[in-house]
Amino acid sequence: MADISLTLPDGNKRSYPTGTTGLEVAADISKSLAKSAISCSIDGAHRDLSTVLSADCDFAIHTMKDDAQALELIRHDCAHIMARAVQELWPDTKVTIGPVIANGFYYDFDRAEAFSVEDLAVIEKKMREIINLRDPVRTELWSRERAIKYFQNTEEPFKIELVGMIPKGEDLRMYWHGKWQDLCRGPHLVHTGQVPADAFKLMSVAGAYWRGDSNNPMLQRIYGVAFKNKNDLKAHLHMLEEAEKRDHRKLGREMDLFHIQEEAPGMVFWHPNGWTLYRVLQDYMRRRQIADGYQEINTPQVVDRKLWEASGHWEKYRENMFITEIDEEHANEKRVNALKPMNCPCHVQVYNQGLKSYRDLPLRLAEFGSCHRYESSGSMHGLMRVRGFTQDDAHIFCTRAQIGAETKKFIELLTRVYQDLGFDKFEIKFSTRPDVRAGSDAVWDQAEEALENAIKALDLPYETDPGEGAFYGPKLDFKLTDAIGREWQLGTFQADFVLPERLDAEYIGEDGAKHTPVMLHRATLGSFERFLGVLIENYAGRFPLWLAPRQIVVASIVSDADDYVLEVVAALKAAGLRAEADIRNEKINYKVREHSVAKVPVILAIGMKEVEARSVSMRRLGDKGSKVLALGEVVEQLQAEATPPDLR
RNA sequence: GCUGCUGUAGCUCAGAGGUAGAGCACUCCCUUGGUAAGGGAGAGGUCGAGAGUUCGAUUCUCUCCAGCAGCACCA
């Protein structure tokens with residue numbers, strides 16, 4: 001048999017007879033390597049050690065020290081071991097798929113009875129038993145027919161469907177550990193004992209549609225996390241606990257920012273603290289936008305269906321709209337109105353008042369527009385996904401030639417705003433023309449080029465999402481990652497060739513003829529609600545002074561200091577700071593603790609020493625100690641710090 | 001919308017077929033204490049809503065509403 005040549009990662013070459021397996025190579029290199037090996041890479045592709053080598057290649061043996069490969073295998077094998085455990089415990093369960101995901105894995109099952117949280121512990125126990133068996137993992141290539149026949153016998157309808165989905169000509173691979181068998185592309189570990197028995201945990205059960213389609217039956221998905229060792233698992237669970245602590249819903253309650261109640265699902269009741277935060281952010285955005293050439297407007301929230309029919313929303317978006325019908329008893333005429341789900345049609349109405357010249361363009365109309373959308377009940381989530389919200393919306397009416405400059409201008413604004421608010425990193429997604437679209441290819445060419453060139457000119461990284469643009473134009477989406485690692489699409493920038501035409505927007509060009517302007521829909525924060533949710537989690541409630549709803553509490557240590565406390569509060573307020581007095585009959589320890597828990601950034605403690613010296617003892621949130629400073633000095637320092645970034 | 005779970009005092013949660021309990025918060029009293037909980041007393045609940053079973057339901061059953069996790073959705 002002819003030899004094949006393997007190039008190892010260190011550059012050395014070794015020759016073996018064709019038909020040698022990865023494991024045999026490992027054994028040939030060293031006995032200990034054979035023992036610690038978990039998988040191999042053949043020309044960069046991750047494979048089982050049992051893979052038969054049949055050609056010259058770059059070859060590498062992986063051990064548990066190779067994080068990427070080790071974690072992939074551990075998690076994937078965990079999914080299989082879980083599936084086996086479940087089928088051993090409840091043989092009537094049908095298996096489907098079980099992929100690796102961030103930090104772990106899941107497996108989707110079909111079973112008449114629901115898995116309970118208590119079942120998870122039972123399954124975990126069974127999984128440990130399987131791991132302890134150290135069952136060797138065996139694999140074979142099967143023909144399509146044989147696989148289908150097998151799954152018909154074992155009554156696994158989902159697996160039969162999967163076989164049907166695998167492209168013709170591709171091999172089907174079967175895996176076994178013990179008697180348990182599954183269709184899988186692999187690779188897998190050498191034996192079940194290689195999965196660390198103390199580094200995985202089953203986390204939750206939830207429904208998931210078969211193949212992600214809501215027309216399909218719902219399966220039961222069990223989620224698990226798995227790591228290389230117990231410490232990594234512990235660290236991950238700890239991270240989850242920390243993430244839970246900064247959940248904006250929890251902080252919203254603790255910091256008395258807002259609440260949502262049954263009578264108005266998905267609508268926010270802002271409390272004084274939360275509304276202060278909201279207003280500080282809104283005032284900041286308003287200044288930034290006006291400085292950038294926007295004009296602020298305000299448009300109606302309840303608008304006759306005729307406008308929504310004209311804009312196309314009635315046809316395309318009706319199921320997400322709140323419709324209001326006027327009570328016939330009180331109306332002469334029956335009208336059907338909708339709460340606006342978007343501001344754009346109203347903005348065109350403002351644009352349409354009076355004839356516009358090309359000299360008026362670009363015309364930037366901004367509105368903190370209150371919108372309502374009927375979101376499905378299961379999709380709502382605190383402030384992140386609500387039914388009533390306010391966008392920092394604006395529409396730029398411009399010529400096609402102006403798209404590029406406006407794009408660049410907007411991205412610059414957005415970058416500055418995100419930086420000011422503590423987000424240094426965001427991703428840009430550039431979505432190009434979909435198959436079904438309005439407008440000529442020439443117009444799309446021009447718009448796509450304008451958007452892309454703007455990103456390039458600013459030297460920002462972006463990724464292109466071909467075909468994901470709206471039917472009316474290409475778009476840019478701006479995504480932030482929050483503290484819990486979730487990605488939120490906040491900012492957006494969309495070119496629109498359709499709506500201005502539908503709603504008869506026009507301008508007189510240099511040539512004296514009427515033209516249709518391009519409309520650029522854009523939002524920086526997206527909605528105040530969602531953005532504040534992200535902001536709360538990003539700062540874990542510990543806002544920089546300029547954003548903090550409660551900035552300073554001045555607390556007396558003894559009641560003889562109360563008058564001076566009130567004087568200090570007055571001085572701080574006069575300097576435009578948000579300050580409160582705490583002259584309750586409580587110990588300073590108690591006051592410090594309470595205001596620290598409430599995440600007030602600055603506590604000024606006042607005892608008789610401070611009264612006499614006309615000073616204050618300043619404690620910053622999170623600090624252990626305090627600093628004594630002259631009153632005037634503190635006012636000046638805090639005032640500077642509390643100045644919004646755009647006014648510094 | 002779908003699957004599962006949950007809904008008891010302002011908050012976090014315990015509880016049982018015979019109309020309820022803890023801690024914190026709140027009110028009052030004592031305490032004037034120097035940087036993350038001083039002590040005592042008191043008040044506070046139609047046990048998410050409706051229907052059914054039962055002598056009796058907050059507890060069991062059903063329906064609805066809301067929340068949570070995930071899925072689907074987010075033109």
Side-chain angles (χ1 to χ4, degrees), chain A residues 101 106 108-111 113-119 203-223 244 247 249-250 253-254 256 259-266 311-321 341-342 373-382 384-387 434 436 468-472 475 477 488-489 492 494 496 498 526-527 530 553 555-562 583-598 600 603-610 617-628:
Chain A
I101 52 173
Y106 67 76
D108 286 347
F109 300 100
D110 182 44
R111 176 177 170 237
E113 210 180 317
F115 292 112
S116 69
V117 179
E118 291 73 43
D119 290 339
M203 305 297 286
S204 61
V205 198
Y209 296 110
W210 167 236
R211 294 171 58 193
D213 186 335
S214 58
N215 297 313
N216 287 339
M218 184 157 273
L219 307 169
Q220 297 189 64
R221 175 172 297 178
I222 301 180
Y223 283 92
E244 209 175 302
D247 187 309
R249 293 166 299 185
K250 189 175 155 69
R253 197 165 44 239
E254 288 171 0
D256 198 12
H259 84 272
I260 296 171
Q261 68 186 45
E262 243 184 75
E263 288 80 358
S311 70
H313 288 90
W314 196 264
E315 189 198 349
K316 290 217 159 68
Y317 203 69
R318 176 148 150 66
E319 68 211 33
N320 288 298
M321 289 163 73
M342 293 168 205
R373 295 182 188 171
Y374 186 80
E375 300 286 355
S376 64
S377 60
S379 66
M380 288 183 296
H381 180 92
M384 303 297 200
R385 185 92 175 259
V386 286
R387 285 180 175 163
V436 182
E468 285 301 303
F471 77 96
Y472 51 73
K475 64 173 181 175
D477 286 320
W488 296 99
Q489 190 228 297
T492 184
Q494 310 182 7
D496 188 345
V498 174
S527 89
R530 171 183 287 194
V553 169
S556 55
I557 295 169
V558 293
S559 49
D560 284 344
D562 288 357
I583 53 174
R584 292 174 303 169
N585 176 15
E586 296 292 350
K587 289 195 168 183
I588 192 64
N589 291 313
Y590 184 90
K591 296 181 182 181
V592 165
R593 178 184 151 78
E594 189 175 279
H595 301 123
S596 298
V597 167
V600 176
I603 298 171
L604 302 181
I606 308 285
M608 289 320 285
K609 277 186 252 169
E610 286 75 17
S617 165
M618 177 161 74
R619 181 191 172 106
R620 318 289 303 221
L621 180 60
D623 284 0
K624 292 236 167 78
S626 60
K627 243 194 313 195
V628 177

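Below, chain A is the first sequence line, B the second, and so on; all start at residue 1. Note that the coordinates shown come from a computational prediction; the quantities given were computed from them, not determined experimentally.
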Sticking with atom C1', work out how far B:rG42 lies from B:rA25, rounded to a whole angstrom. 14 Å
B/S/- contact track for nucleotides 63-70 of chain B, protein heavy atom under 4.0 Å: --SSSSSB
On RNA chain B, more 5' by nearest nucleotide between A:Val117 and A:His313 is A:Val117
P atom, B:rC11 versus B:rG52: distance in rounded Å? 31 Å
Under 3.5 Å, is there an N or O donor on one side and an acceptor on the other linking the side chain of A:Arg385 and the base of B:rC73? yes
Contacts of A:Arg111 that satisfy salt bridge (charged side-chain N to carboxylate O under 4.0 Å, His left out) - sequence neighbours left out: A:Glu113
Going by purine N1 to pyrimidine N3 plus the second Watson-Crick contact, or the G-U wobble pair, all under 3.5 Å, which nucleotide sits opposite B:rA37? none
Inter-nucleotide P distance (B:rC64, B:rU46), Å rounded: 26 Å
Holding to side chain to side chain contact (heavy atoms under 4.5 Å, CB included), I want the full list of residues that pass it with A:Gln494, two or more places apart in sequence or in another chain. A:Tyr472, A:Lys475, A:Thr492, A:His521
Nearest non-hydrogen partners of A:Ile260 and A:Gly382, listed with the distance: CD1-O, 3.7 Å
Using whole Å, what does the distance between atom P of nucleotide B:rA72 and atom CG of A:Asp213 come to? 10 Å
Might you list the N or O atoms of the protein lying below 3.5 Å from N or O atoms in nucleotides 12-16 of chain B, with each pair's distance?
from, atom 1, to, atom 2, distance (Å)
B:rU12, OP1, A:Arg253, NH2, 3.1

How far, in whole Å, is B:rG23 from B:rG39 if one measures between their P atoms? 13 Å
Looking at the base of B:rG1, is there any donor atom on it, or on the side chain of A:Tyr374, that sits under 3.5 Å from an acceptor on the other one? no
Check the distance between B:rG10's P and A:Glu254's CD and give it to me in whole angstrom. 18 Å
How many Å lie between CG on A:Asn320 and C1' on B:rG1, as a whole number? 12 Å
Assess the residue pair A:Ser556 and A:Glu586 against the criterion (side chain to side chain contact (heavy atoms under 4.5 Å, CB included)); give the C-alpha distance rounded to whole Å, side-chain angles, the decisive distance to 0.1 Å, and a yes or no. CA-CA 9 Å; A:Ser556 55; A:Glu586 296 292 350; over 6 Å; no
Least distance between heavy atoms, A:Ala605 atom then A:Ile557 atom: CB-CD1, 4.1 Å
Checking base pairs now: Watson-Crick or wobble, both atom distances under 3.5 Å. What partners B:rU58? none
Could you tell me which residues satisfy side chain to side chain donor-acceptor pair (under 3.5 Å) with A:Glu254, sequence neighbours excluded, listed by chain and number? A:Lys250
With sequence neighbours left out, what residues match A:Phe109 under ring-ring contact (aromatic ring centres under 6.0 Å, His included)? A:Tyr107, A:Phe115
Could you give the CD-to-C1' distance, from A:Glu319 to B:rC74, as a whole number of Å? 11 Å
Under the side chain to side chain donor-acceptor pair (under 3.5 Å) rule, collect the residues that match up with A:Arg530, sequence neighbours excluded. none
Roughly how far apart, to the nearest Å, are B:rG67 and B:rC62 at atom P? 22 Å
Using purine N1 to pyrimidine N3 plus N6-O4 or O6-N4 for Watson-Crick, or N1-O2 and O6-N3 for G-U wobble, each under 3.5 Å, what pairs with B:rG7? B:rC65
Whole-Å P distance, B:rU12 and B:rG48: 15 Å
Run the side chain to side chain contact (heavy atoms under 4.5 Å, CB included) test against A:Ser116 and tell me which residues pass, sequence neighbours left out. A:Glu118, A:Asp119
Name all residues meeting the side chain to side chain donor-acceptor pair (under 3.5 Å) criterion together with A:Glu375; count only those two or more places apart in sequence or in a different chain, and write none if there are none. A:Arg385
Does any nucleotide pair with B:rC73 by Watson-Crick or G-U wobble geometry, both distances under 3.5 Å, and what is it? none
Can you name the side chain to side chain donor-acceptor pair (under 3.5 Å) partners of A:Gln261, sequence neighbours left out? A:His259, A:Glu263
Is the backbone N or O of A:Val498 less than 3.5 Å from a side-chain atom of A:Asp496, with the two atoms forming a donor-acceptor pair by type? yes
If I pick the C1' atom on B:rG21 and the same atom on B:rA16, what distance separates them, to the nearest angstrom? 11 Å
Rounded to whole angstrom units, what separation is found between the NZ atom of A:Lys627 and the P atom of B:rG34? 23 Å
The single option from A:Arg211, A:Arg221, A:Gln220 that satisfies side chain to side chain donor-acceptor pair (under 3.5 Å) with A:Asp108 is A:Arg221
If a protein heavy atom is under 4.0 Å from the base, mark B; if only from the sugar-phosphate, S; if neither, -; do that for nucleotides 35-44 of chain B going 5' to 3'. BBBS------
So which nucleotide does B:rA14 pair with, by the Watson-Crick or G-U wobble rule with both distances under 3.5 Å? none
Integer-rounded Å distance: B:rG4 C1' and A:Phe109 CZ: 16 Å
With sequence neighbours excluded, residues passing side chain to side chain contact (heavy atoms under 4.5 Å, CB included) with A:Val628: A:Glu610, A:Ser615, A:Ser617
Provide, to the nearest angstrom, the distance between the CG atom belonging to A:Asp256 and the P atom belonging to B:rA25. 16 Å
Can you tell me the Watson-Crick or wobble partner of B:rA25, both distances under 3.5 angstrom? none
Would you measure the distance from the C1' atom in B:rG7 across to the matching atom in B:rC47 and give it in whole Å? 10 Å
When all nucleic acid strands are considered with a 4.0 Å heavy-atom cut-off, which category describes A:Met608: base, sugar-phosphate, or nothing? base
Under 3.5 Å for both donor-acceptor distances, Watson-Crick or wobble: does B:rC47 have a partner, and if so which one? none
